[in-house]
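Sequence lines set the chain letters: A, B, ... in the order given, protein chains first and strands last, and positions in each chain run from 1.
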Protein chains: 4
Amino acid sequence: MAGSVNKVILIGNVGADPEIRRTQDGRPIANLRIATSETWRDRNSGERREKTEWHTVVVFNEGLCKVVEQYVKKGAKLYIEGQLQTRKWQDQNGNDRYSTEVVLQGFNSTLTMLDGRGEGGGASAGGGRGSSNDFGGGGNYGDDYGAPAQPSGRSSGGGGNFSRDLDDDIPF
Amino acid sequence: MAGSVNKVILIGNVGADPEIRRTQDGRPIANLRIATSETWRDRNSGERREKTEWHTVVVFNEGLCKVVEQYVKKGAKLYIEGQLQTRKWQDQNGNDRYSTEVVLQGFNSTLTMLDGRGEGGGASAGGGRGSSNDFGGGGNYGDDYGAPAQPSGRSSGGGGNFSRDLDDDIPF
Amino acid sequence: MAGSVNKVILIGNVGADPEIRRTQDGRPIANLRIATSETWRDRNSGERREKTEWHTVVVFNEGLCKVVEQYVKKGAKLYIEGQLQTRKWQDQNGNDRYSTEVVLQGFNSTLTMLDGRGEGGGASAGGGRGSSNDFGGGGNYGDDYGAPAQPSGRSSGGGGNFSRDLDDDIPF
Amino acid sequence: MAGSVNKVILIGNVGADPEIRRTQDGRPIANLRIATSETWRDRNSGERREKTEWHTVVVFNEGLCKVVEQYVKKGAKLYIEGQLQTRKWQDQNGNDRYSTEVVLQGFNSTLTMLDGRGEGGGASAGGGRGSSNDFGGGGNYGDDYGAPAQPSGRSSGGGGNFSRDLDDDIPF
DNA sequence: TTTT
DNA sequence: TTTT
C-alpha cells in the first residue's frame, strides 16, 4: 500500500536478561520483554493507581543484537523504535494463535540505552562490517544497515541476505 | 514506572466499516482494522514483494468515536496515534489467550483522516462539552479533553481563555 | 488543513536550570534548552566524532510547567513530545528574525523525566482542576486536560467515571 | 551524549515545487517547504480559526532526493520523518543568524507520499545502486542506506562518503 | 507558499 | 518479569 507507516516507540524497563538465539545461518535474534507503566490518581477514590503493560520486542537487526547481547540486562531502561508485527502460529492442539510483537528490523529501527548501566566498552551497533560506525556504549544504536544522521562520515550497510524463516520458533 | 512511553503511530487504510459498540452506561467504543504495508524488491530474485500487516485499533475516546462513526469508512486512510495494550481473555476451552491492540484513549491519542473521503459535516471531536473545540471533518481530532496546540484562543481545562500575546517577549 | 501532523520527539539533557516566566494573567511559561547528540566514528579517519544539537523548548501547558518548576534541573534527562513552531520577531535594528521552538501546549504534548533526579514529591501535572490526575514525580506528565490511557478509573473531561469492564467483550 | 533522540514527524502539504541542488561532487540536496495546520473553534467567539505552520525540510539522502525530484510537486501531501537541526550563518551585515530545519539524512529518515499525485512510474528510493530496493511510486521511501523492515529480501546500502560541507549554501 |  |  502506498504511503503507510507502522511505528512503535517505547521507553521502558527490561524485565529479564535478554535471550539471544541464532538462526541456522548464524544470525542472532534477541528477545526482550519491556515494561511500560502509567500511574494516575483515581478520580473517585483518590488512590494512586498503576497499570503496567508488557511488550515483547524481537530484534532481528544484527548490530542491535550485539548491543543487546553486550549491554542490555534485566532492569535496563531502553528507548525502542520498531514496528508492530503479528505472527500466526499453531499451539499444541493445532489451533491458530497470534502473537503481536515489536520488531526491530531494517532501517527505521532503533534501540538506545537510557541509563548508565551496562556501558563502558566500545559497543558497535553497525559493528564488525569494516566501515561501520562505532557508537559508544549507551549511544544511539542505528541498525545494521543504518548510518547516523550527521554531516559526515556515513557508513554503508553490509551485504548478505536475511531470511526470517524461523518465525514459528518464537512463540509468545 | 517513572518515565515510560508507550506509543504507536500508524498510517494505513481501514479494512472494513468500523464497528461501534456501547458500554452499559452508554459510552461508545469503536473497533477498526487498519492495514499497513511495505513493498520492496527482493534482492535475489528482483521480484517486487509486498507484506501487509493488520492492526486492531480500539477507540475508547468519545470524541474520536464520534469522528469514527461519522466519517471513517472502509478504505479510508488514517493517521493513528495510540498505545499498545495486550488483553487477556479466555477462549471457548477456557484457555488463556492474549490479544494486542492499539488503543486510543486518553490525552495522547489522535486520529486524523488523511484522505478527503467521508468529510463534510461539522465533526466534533472534543464534542458535547460546551466549550469544546470543533474540528472540521478530516481535521486533527484531539481527544475528549484535548485542545489544539496553538498560540491564541486556546481553551484551558477548567475555563479561561488563553492568549499567547507575549510571543515577542520570548526571544530566542 | 485536514490531516496534518506536527510532532517533535526529543530525548536529551537540560542545559541549564529552566526559566519560568508568567503571563500578565498569571499563567506560567517555562523555557528549556535541551541537548541531543550523536556519536559516530568517522569512516575515513576512524576518529570518534560527536555532534550536539541544542533545542529550545517552550512549555505553555500549566501542568507541565509545574512539573518543570518543581523537578527539572540542569542536567536532567527528559523525554519531550511537542510541536514545531516558528516565531517571527524583530531584532534591535527592526529586522525580521525567526526562531523555531519546540512548543509543549495542548493535548498532544508530553514531558517525562527519564532519570531519578529531582523526584520525590507529588507532582501534579493535570493539577489544579479538582478531579485531575496526580502523577507521581518522574511520572508521565499528561497535559492539563489529559488523562492517562488505561482501562479503568479514567477521568473524563466533564465528569463521570469510566470503566473498561467489557474487555472480555472485545475478542480479537 | 548517551541515549538521545531527535525526531520530527510531519504530515503536511508541500508549498511549492521542490528545489533540487547539487553539491560540488554531484550529490543532490532537496529543499521543501511543508505546511501543517490546525483548525479549532474559538471557545469564546465560536468562530472557526486556523493556524498554519511552515517547515523547511532539507533532504540530504540521495534516494529520498530522487523521490522528491520525480514525484513531489507543489500541493503534495507528505509524511516526513527527520531530525531537527539548527544552522548558524551570517547575514549580509555579518551578524550571526540561525535557521532551524527538518533534516532527512541517515538511517532514521523517511519520506512517504500520502496522496496519489505524482505516482505511476517505478520510483526508486534506494535506487540505482545495484541491489537496492525499488519502491513503487507513493510507497514508503527508506533512505539511501535503508532497507524496509520485513522478513526477507533485504538490501544493503551502497557505499560512498558523504560530506555536508555546503551548509552555508542553504540560507533559510 | 500548501491544504480543507 | 521491570521500574518508581
Side-chain angles (χ1 to χ4, degrees), chain A residues 10-19 31-40 48-57 72-78 80 114-115 117 172, chain B residues 1-6 71 86 112-123 134-141, chain C residues 1-6 71 86 112-123 134-141, chain D residues 10-19 31-40 48-57 72-78 80 114-115 117 172:
Chain A
L10 300 177
I11 296 177
N13 293 281
V14 176
D17 286 348
E19 298 169 44
N31 270 262
L32 298 167
R33 290 282 286 170
I34 294 187
T36 57
S37 87
E38 297 178 87
T39 314
W40 70 98
R48 187 176 295 271
R49 302 192 54 179
E50 183 176 31
K51 178 167 188 294
T52 296
E53 193 69 38
W54 285 96
H55 310 272
T56 298
V57 175
V72 176
K73 304 294 175 205
K74 176 177 173 175
K77 176 164 282 187
L78 300 182
I80 287 280
L114 294 178
D115 47 16
R117 273 180 275 198
F172 177 67
Chain B
M1 180 193 323
S4 84
V5 170
N6 174 359
Y71 298 112
T86 298
T112 301
M113 298 191 69
L114 294 177
D115 48 17
R117 273 179 274 197
E119 296 177 284
D134 183 7
F135 299 91
N140 188 343
Y141 303 100
Chain C
M1 177 193 325
S4 83
V5 170
N6 174 359
Y71 298 112
T86 299
T112 300
M113 300 192 68
L114 294 177
D115 47 17
R117 273 180 274 197
E119 296 176 284
D134 183 9
F135 299 93
N140 188 344
Y141 302 101
Chain D
L10 300 177
I11 296 177
N13 293 283
V14 176
D17 286 348
E19 299 169 43
N31 270 261
L32 298 168
R33 290 282 285 169
I34 294 186
T36 56
S37 88
E38 298 178 85
T39 314
W40 71 98
R48 187 175 295 270
R49 301 191 57 177
E50 182 176 31
K51 179 168 189 292
T52 296
E53 193 70 36
W54 285 97
H55 309 272
T56 298
V57 175
V72 177
K73 304 295 175 206
K74 176 176 172 176
K77 175 163 281 187
L78 300 181
I80 287 281
L114 294 177
D115 47 17
R117 274 179 273 198
F172 179 67

Using modelled atom types only, decide if a donor and an acceptor are shared between the side chain of A:Asp17 and the backbone of A:Lys74 within a distance under 3.5 Å.
-> yes

Interatomic distance, A:Asn31 CG vs F:dT1 C1' [rounded to whole Å] = 14 Å

How close or far is atom C1' of F:dT4 from atom CG of C:Leu114, stated in whole angstroms?
-> 13 Å

Taking atom CD1 of A:Ile11 and atom CG of A:Leu114, what is their separation to the nearest 0.5 Å?
-> 5.5 Å

For D:Asp17 and E:dT2, give me the distance from atom CG to atom C1', rounded to whole Å.
-> 12 Å

Give a yes or no answer on whether the side chain of D:Thr36 reaches the backbone of C:Asn6 with a donor-acceptor pair at less than 3.5 Å.
-> no

From the list E:dT2, F:dT1, F:dT3, which nucleotide is the closest neighbour of the side chain of A:Ser37?
-> F:dT3

Can you check the A:Asp115 CG to F:dT4 C1' distance for me, whole Å?
-> 13 Å

Under 3.5 Å, side chain of D:Asp115 to main-chain N/O of D:Lys77, donor-acceptor pair present?
-> yes

Whole-Å distance, D:Ile34 CD1 to E:dT1 C1', equals 12 Å

Write down the distance between CG (A:Leu10) and C1' (F:dT3), rounded to a whole number of angstrom.
-> 14 Å

Separation of E:dT3 atom C1' from D:Leu78 atom CG, nearest Å, is 12 Å

Between E:dT3, F:dT1, E:dT1, which one does the side chain of D:Asn13 approach most closely?
-> E:dT3

So, does the side chain of D:Thr52 form a donor-acceptor pair with the base of E:dT2 at under 3.5 Å?
-> yes

State which of F:dT2, F:dT1, E:dT2 makes the closest approach to the side chain of A:Arg33.
-> F:dT1

Is there ring stacking between A:Trp54 and F:dT1, where the centres must be under 5.5 angstrom apart and the planes under 30 degrees?
-> yes

Roughly, in whole Å, what's the span from CE in C:Met113 to P in F:dT4?
-> 13 Å

N-O pairing of A:Lys51 and A:Glu53 below 4.0 Å = yes

Name the closest nucleotide to the D:Glu50 side chain, picking from E:dT4, E:dT2, F:dT2.
-> E:dT4

